[in-house]
K.L.:
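Right, I'll just put the structure down here and ask away after.
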Amino acid sequence: MKKKQLIDKEGASLIRALIIISIIGLLAMITNKASAQVRFNVQGDLVSSYVWRGMYQTGASIQPTLSFSVENLSLTAWGSTDFDGYRNGNIPSANKELDLTLAYTFPKLGLTVSVADMWWAGQGAGKYFDFNNKTTAHHFEASLAYVLPVEKFPLSIAWYTMFAGMDKNEKGDKNNYSSYVELNYPFSVKSVDLNVTCGIVPYKAPQYYTNGFAVTNVALKGSYAIKITDSFSLPIFSQVIWNPRMEDAHIVFGITLKP
């Protein structure tokens, strides 16, 4: 029986590896066929702390991004890793996150629809390929974002709902469908780009430590590019964040590195 279980496990691992290789191959084919339309983005943010939707996650972190898009379709890999490694011997308690997002934008409508797979089990947790809805550590989330068609008032609103994965009730048999709504308004003052954010949780969601409607994220972010040479600038940003629901506040400084 143990031998059969081992074979099954090895077979499953092989299938998963083949799926990943197939996806990479498909992306390569798309890139070759539409190289003129494909756009890649490679960058990394170094932040003083990682705060997600108004909630503190961990201290200083590096947050890389790798994405590609073909016309209105995009696939993005985003992650966050702190500098702690294993905090307590071999206990996987240090922060490590990997999010994969597939999105499609309808430019004429100002709409973007996306599906994300968010995994933040921690360094050394393993079992990344466990996608069983009852045991997985992944959070699967769908979102719909809309930007007002007003050039002088580019307010955007986005609704996010976790529809599967680890977002379960106390018994672990039903999804909580935790949701989060965020409004963003970008503007500029002289050479500084600013953005005001207001994030709310519309109903009870243990994922955000709320028992009902609550404001969980109020933030002001300022970005500025320091000119190093005629061909290279270093973007920096600072963000002040308040979480009224948790009576907490944060300030984050970051540096963005990109070609």
Side-chain angles (χ1 to χ4, degrees), residues 16 20 41-67 75-102 114-133 135-141 143 158 160-168 172 176 178-180 182 197 199 201 205-210 214 216-219 221 223 235-243 245-258:
R16 291 162 183 162
I20 293 175
N41 177 45
V42 180
Q43 71 175 58
D45 292 339
L46 179 62
V47 294
S48 58
S49 61
Y50 173 27
V51 180
W52 179 71
R53 297 178 182 176
M55 298 184 295
Y56 179 85
Q57 303 299 303
T58 189
S61 302
I62 184 71
Q63 299 178 335
T65 298
L66 174 62
S67 67
L75 178 62
T76 302
W78 180 92
S80 181
T81 305
D82 62 20
F83 297 92
D84 290 334
Y86 290 93
R87 293 178 183 169
N88 302 306
N90 292 323
I91 299 175
S93 56
N95 180 276
K96 181 173 72 174
E97 179 175 348
L98 173 59
D99 301 344
L100 302 176
T101 303
L102 181 66
S114 65
V115 178
D117 168 15
M118 302 182 292
W119 184 75
W120 57 71
Q123 172 60 34
K127 296 184 178 180
Y128 177 85
F129 295 101
D130 178 6
F131 294 107
N132 185 304
N133 192 41
T135 59
T136 185
H138 292 256
H139 295 73
F140 299 97
E141 183 178 75
S143 72
Y160 304 87
T161 296
M162 294 180 181
F163 61 88
M166 197 174 178
D167 182 45
K168 295 288 192 297
N176 288 320
S178 296
S179 294
Y180 172 77
E182 186 173 281
T197 298
V201 176
Q207 185 73 47
Y208 301 100
Y209 306 101
T210 64
T216 60
N217 184 18
V218 178
K221 181 179 181 180
S223 303
I236 63 172
F237 61 88
S238 289
Q239 187 174 29
V240 185
I241 305 166
W242 295 271
N243 186 327
R245 168 64 183 86
M246 301 183 72
E247 298 187 8
D248 203 359
H250 317 274
I251 185 165
V252 177
F253 174 77
I255 298 173
T256 300
L257 297 175
K258 60 181 179 180

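Since we're looking at a predicted model, the values are computed, not measured. No hydrogens, no waters, no symmetry mates; every other heavy atom, side chains included, goes into these values.
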K.L.:
Any side-chain heavy atom of Leu98 sitting closer than 4.5 Å to one from Tyr128?
P.N.:
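Side chain of Leu98 against side chain of Tyr128, heavy atoms only: contact under 4.5 Å found.
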
K.L.:
Less than 3.5 Å apart, any donor N or O on the side chain of Ser143 or Ser114 sitting next to an acceptor on the other?
P.N.:
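Yes.
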
K.L.:
Quick one: salt bridge (Lys or Arg N to Asp or Glu O under 4.0 Å) partners of Glu182, sequence neighbours excluded?
P.N.:
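With neighbours one apart ignored, the set is empty.
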
K.L.:
When you look at Phe129 and Trp119, which way does the ring pair (Phe, Tyr, Trp, His ring centres under 6.0 Å) test go after all the steps?
P.N.:
CA-CA 10 Å; Phe129 295 101; Trp119 184 75; 9.2 Å; no

K.L.:
Going by heavy atoms in the side chains, are Tyr208 and Ser178 under 4.5 Å from each other?
P.N.:
yes

K.L.:
Looking at side-chain heavy atoms only, is the closest gap between Phe253 and Phe237 below 4.5 Å?
P.N.:
no

K.L.:
Are side-chain heavy atoms of Gln63 and Glu97 found at a separation under 4.5 Å?
P.N.:
no

K.L.:
I'd like to know if the side chain of Thr210 reaches the main chain of Ala205, judged simply by a donor and an acceptor atom lying under 3.5 Å from each other, with no hydrogens or angles considered.
P.N.:
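Confirmed, Thr210 side chain pairs with Ala205 backbone.
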
K.L.:
So, the side chain of Asn41 versus the backbone of Ser67: is there a donor-acceptor pair under 3.5 Å, distance only?
P.N.:
no

K.L.:
Which label fits Phe131 and Phe140: parallel for a plane angle under 30°, tilted from 30 to 60°, or perpendicular past 60°?
P.N.:
tilted

K.L.:
Show the numbers, then the answer: is there a side-chain contact (heavy atoms from CB on, under 4.5 Å) between Trp242 and Asp248?
P.N.:
CA-CA 6 Å; Trp242 295 271; Asp248 203 359; over 6 Å; no

K.L.:
Does either side chain, that of Asp167 or that of His139, offer a donor lying less than 3.5 Å from an acceptor on the other one?
P.N.:
no

K.L.:
Kindly indicate whether the side chain of Asn217, heavy atoms from C-beta on, has any atom under 4.5 Å from the side chain of Ile241.
P.N.:
yes

K.L.:
Crowded around Tyr209 OH? As in, over 12 foreign heavy atoms under 6.0 Å?
P.N.:
no

K.L.:
Under 3.5 Å, is there a donor-acceptor pair between the side chain of Asp82 and the main chain of Gly59?
P.N.:
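Such a contact is absent between Asp82 side chain and Gly59 backbone.
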
K.L.:
Nearest 0.5 Å please: distance from the OH atom of Tyr50 over to the OG atom of Ser80.
P.N.:
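Tyr50 OH to Ser80 OG: 5.5 Å, rounded to 0.5 Å.
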
K.L.:
Would you say the side chain of Lys168 lies within less than 4.5 Å of the side chain of Asn133, judging by non-hydrogen atoms?
P.N.:
yes

K.L.:
Looking only at side-chain N and O atoms, does Thr256 offer a donor or acceptor that is under 3.5 Å from a partner on Asp45?
P.N.:
yes

K.L.:
Is the number of heavy atoms from other residues, nucleotides or ligands within 6.0 Å of CE (Met118) greater than 12?
P.N.:
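Atom CE in Met118 is packed in, count exceeds 12.
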
K.L.:
Any side-chain heavy atom of Thr58 within less than 4.5 Å of one from Ser49?
P.N.:
no

K.L.:
Spell out, as yes or no, whether a donor-acceptor pair under 3.5 Å connects the side chain of Thr216 to the backbone of Asn243.
P.N.:
no

